[in-house]
Amino acid sequence: MRVGVLALQGAVREHLRAVKRLGHTGVEVRLPEQLEGLDAIILPGGESTAMRRLLDKVGLLLPLKEFVLSKLTLGTCAGAILLAKRIEPSLEAPVLGVLDVTIERNAYGSQLDSFTCRGDVAGLPDFPLVFIRAPRFAALGPNVSVLASCNGQIVGVRAGHTWALSFHPELTEDLRLHEMFLRPE
Ligand code: GLN
């Protein structure tokens, strides 16, 4: 598969590395024309406010929205924020606004800035979950299913071809989740 990684900012290299280790072609996406011919895209973690600004600046916002409406998409952390239809605090307008969830940015406060736990993710047992200034899935629309939970909180969701995680699978050596995401159905 040809798999794009949105490469404006954030944990781009780590996702590209996972994609390549699984035998796929990884493509950095910085411009609208780089979406052509891709089978899937990954929106990495980083800072969603910076990504919003850069998407607008390079004219990627609308072409990317069109792409993610029909193609396999994985958003991790800030990438999940880009996908959400509703962002809390509610002063923030949605960015791509394609996934029917309410997501709360920086929901774990300063004491829990970064933390890890292990849990079951989409049937994958004992998966390492790494959280960095993570958002929280506060509400899910009716067509959104839960992929993963940690300490009673929803940390991964899926609606059809759109996957969103509040943790960072790319920062571990565990490739099972990328493999499952990129497995042909
Ligand atoms: N706190 C960041 C944001 O609000 C997300 C953090 C991350 O991607 N690790 O965009």
Side-chain angles (χ1 to χ4, degrees), residues 3-19 26 28-30 40-58 60-61 64-65 68 72-119 121-122 127-140 144 146-151 153-159 162-175 177-178 181:
V3 183
V5 179
L6 181 66
L8 299 176
Q9 196 263 339
V12 177
R13 255 180 314 143
E14 292 83 353
H15 277 297
L16 282 172
R17 182 166 164 264
V19 165
E28 293 187 23
V29 176
R30 292 198 181 82
I41 195 155
I42 298 176
L43 312 177
E47 191 54 48
S48 56
T49 48
M51 287 195 217
R52 179 202 292 272
R53 196 164 18 84
L54 292 166
L55 280 170
D56 224 10
K57 193 171 160 193
V58 300
L60 245 179
L61 195 59
L64 182 61
K65 180 167 178 170
V68 302
L72 190 59
T73 300
L74 169 65
T76 58
C77 210
I81 296 170
L82 300 184
L83 291 170
K85 280 196 176 172
R86 292 167 300 279
I87 304 174
E88 298 282 351
S90 53
L91 293 175
E92 301 200 36
V95 184
L96 298 170
V98 297
L99 179 64
D100 190 9
V101 298
T102 303
I103 200 161
E104 186 189 344
R105 292 184 60 210
N106 304 323
Y108 296 94
S110 53
Q111 284 135 324
L112 281 178
D113 236 356
S114 300
F115 59 101
T116 58
C117 68
R118 299 186 82 91
V121 178
F127 198 88
L129 302 162
V130 178
F131 297 90
I132 303 167
R133 299 189 67 225
R136 187 173 78 88
F137 294 101
L140 309 187
V144 181
V146 175
L147 281 180
S149 311
C150 167
N151 300 331
Q153 303 275 6
I154 296 166
V155 298
V157 302
R158 178 177 178 183
T162 310
W163 300 42
L165 311 171
S166 59
F167 58 95
H168 290 269
E170 79 285 4
L171 298 184
T172 73
E173 290 299 312
D174 198 323
L175 295 176
L177 190 50
H178 283 87
F181 168 67

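Both counts, for ligands and for their atoms, begin at 1 and track the order of listing.
A donor-acceptor distance shorter than 3.5 angstrom exists from the side chain of Gln9 to the backbone of Glu47, with no hydrogens or angles considered.
Taking each of Gln9, Glu92, Arg133, Arg105 in turn, the one with a heavy atom nearest to atom 4 (O) of ligand 1 proves to be Arg105.
Of all atoms in ligand 1, listed by their number and element, those nearer than 4.0 Å to a heavy atom of Ile132 are 6 (C), 7 (C), 9 (N). Of all atoms in ligand 1, listed by their number and element, those nearer than 4.0 Å to a heavy atom of Ile81 are 3 (C), 4 (O), 10 (O). Below 4.0 Å from some heavy atom of Asn106 lie the following atoms of ligand 1, by number and element: 1 (N), 2 (C), 4 (O). Here is the list of ligand 1 atoms found below 4.0 Å of a heavy atom in Gly46: 2 (C), 5 (C), 6 (C), 7 (C), 8 (O), 10 (O). Less than 4.0 angstrom separates some heavy atom of Gly45 from each of these atoms of ligand 1: 8 (O). With ligand atoms numbered from 1 in the order given, ligand 1 contributes 3 (C), 4 (O), 10 (O) to contacts under 4.0 Å with heavy atoms of Ser48.
For the pair Phe137 and Ile154, the tightest heavy-atom approach, listed with the atom from each and the gap, is CD1-O, 3.4 Å. The two residues Arg105 and Ser48 make their nearest non-hydrogen contact at NE-OG, 3.4 Å. The two residues Leu129 and Ser149 come nearest to each other via the heavy atoms CD1-O, 4.5 Å.
Heavy-atom separations between His168 and ligand 1 include at least one value shorter than 4.0 Å.
Below 3.5 Å of separation, one finds no N or O of Thr49 facing any N or O of ligand 1. Geometrically, ligand 1 and Cys77 share no nitrogen or oxygen pair separated by less than 3.5 Å.
The aromatic rings of Phe131 and Phe115 sit parallel, their planes meeting at an angle under 30°, below the 60° perpendicular limit.
Applying side-chain hydrogen bond (donor to acceptor under 3.5 Å, both in side chains) to Thr76 and the options His15, Glu14, His168 leaves one that passes, His15.
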>> Pair Leu64, Ile41 - check side chain to side chain contact (heavy atoms under 4.5 Å, CB included), show working.
In response: CA-CA 9 Å; Leu64 182 61; Ile41 195 155; 3.8 Å; yes
